[in-house]
Amino acid sequence: MTSTQSPIVRMQQLNKHFGSLHVLNNIDLEIIPGEVVVVIGASGSGKSTLIRCINGLEEFQSGSLDVDGNELLPNGKSSKALQTIRTEVGMVFQQFNLFPHLSVRDNVTLAPMKVRGWSRQDAEETADKLLERVGISDQADKYPSQLSGGQQQRVALARALAMEPRLMLFDEPTSALDPEMIGEVLDAMRELAKEGMTMVIVTHEMGFAREVADRVIFIHQGEIAEQGPPEQLFDTPQHERTQSFLARVL
Ligand code: ADP
Ligand code: MG
């Protein structure tokens with residue numbers, strides 16, 4: 001990782017309001033290719049909104065945002081860039097959002113066939129490789145409701161990877177899982193990080209954050225209150241707000 005690489009995400013002075021609520025306040029954030037950034041902070045601090053802005057799921061009101069050379073404009077005035085970004089940025093949510101009426105394999109092949117125009121054969125070959133990679137190749141013909149939460153979340157990961165994303169966003173991917181299933185999802189994410197995927201991860205799994213993050217960002221009331229390498233942020237937090245947050249969650 002070198003600082004001379006140009007960022008894949010460049011957010012400058014970004015502001016986001018929900019009505020009178022100022023949810024993101026002058027956010028500056030650059031992410032370089034291959035970087036793993038973990039976002040932490042209290043509930044309601046703006047973590048989800050921040051990452052949802054990156055793939056255009058939320059509009060912002062002012063500032064600038066460039067994702068892999070595609071410029072998203074304030075107030076949603078950028079439909080072309082939005083289309084490109086949606087195909088280049090993968091997202092995994094707390095709720096798995098799988099298509100219930102499709103088999104596991106068809107969940108993974110749908111977008112590459114529809115959006116990328118892949119043949120069924122190519123899409124299925126890729127899907128089977130990805131399902132193997134996340135450790136559920138034996139579940140390909142089942143339906144989501146027949147799988148455990150941990151398995152469903154790994155399907156969601158495979159589905160996002162099928163689009164060959166340049167960047168992956170994760171919004172509390174293990175928060176809806178039973179404790180015994182958290183590890184298998186984190187393992188799959190850990191592998192992805194090792195392979196060099198650029199990742200932005202909102203999580204409360206602080207041990208995981210410490211292990212995989214190149215950088216941890218602490219959000220407080222819509223502002224980046226503090227950021228740094230995990231050892232620095234977790235062991236010697238500089239700001240009182242970071243200290244009191246960590247005292248509550250660690
Ligand atoms: P976090 O992910 O850190 O818990 P969010 O980004 O979800 O925080 O929310 C930040 C703030 O924005 C909260 O006060 C939340 O209630 C508010 N908010 C989030 N989504 C909406 C929405 N669609 N409409 C209005 N307010 C929202
Ligand atoms: Mg959230």
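Counting convention: from 1, in listed order, for ligands and their atoms alike. Below, all heavy atoms of this structure are taken into account, side chains as well, without hydrogens, waters or symmetry copies.
Taking the ring axis of F60 as reference, the NZ or CZ atom of R52 does not stay both within 45° of it and closer than 6.0 Å to the ring centre.
Contact record, E30 with R10: OE2-NE, 3.1 Å, taken as the closest heavy-atom pair.
Atom 6 (O) of ligand 1 has T49 OG1, 2.5 Å as its closest protein atom, hydrogens excluded (heavy atom only). Atom 22 (C) of ligand 1 has as its closest protein heavy atom F18 CE2, 3.4 Å. In this structure, the protein non-hydrogen atom closest to atom 4 (O) of ligand 1 is G44 N, 2.7 Å. Annotation: atom 17 (C) of ligand 1 to nearest protein heavy atom, L21 CD2, 3.7 Å. Of all protein heavy atoms, the one closest to atom 7 (O) of ligand 1 is S48 CB, 3.7 Å.
The contact set between ligand 1 and V23, taken as ligand atoms under 4.0 Å from a residue heavy atom, comprises 10 (C), 11 (C), 12 (O). Shown in contact with S43 at under 4.0 Å from a heavy atom are these atoms of ligand 1, numbered in order with element: 4 (O).
In the candidate list G46, G222, C53, G46 is nearest to atom 8 (O) of ligand 1, counting heavy atoms. With H220, K47, Q94 as candidates, the residue nearest to atom 3 (O) of ligand 1 on a non-hydrogen basis is K47.
There is no protein heavy atom closer than 4.0 angstrom to atom 15 (C) of ligand 1.
Hydrophobic clustering, with ILVMFWY side chains joined whenever heavy atoms are under 4.5 angstrom apart, groups M189 together with L147. The cluster map of Ile, Leu, Val, Met, Phe, Trp and Tyr, joined by side-chain heavy atoms under 4.5 Å apart, puts L131 and F96 in the same cluster.
Heavy-atom separations between A42 and ligand 1 include at least one value shorter than 4.0 Å.
A side-chain N or O of E226 and one of T242 form a donor-acceptor pair less than 3.5 Å apart. Neither side chain, N26 nor E223, offers a donor N or O lying under 3.5 Å from an acceptor on the other.
Among the backbone and side-chain atoms of S48, an N, O or S atom lies under 2.8 Å from the Mg ion (ligand 2).
A salt bridge links E184 with R154: at least one charged nitrogen is closer than 4.0 Å to a carboxylate oxygen.
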Check against salt bridge (charged side-chain N to carboxylate O under 4.0 Å, His left out), R210 and E231: CA-CA 7 Å; R210 181 188 283 268; E231 313 77 52; over 6 Å; no

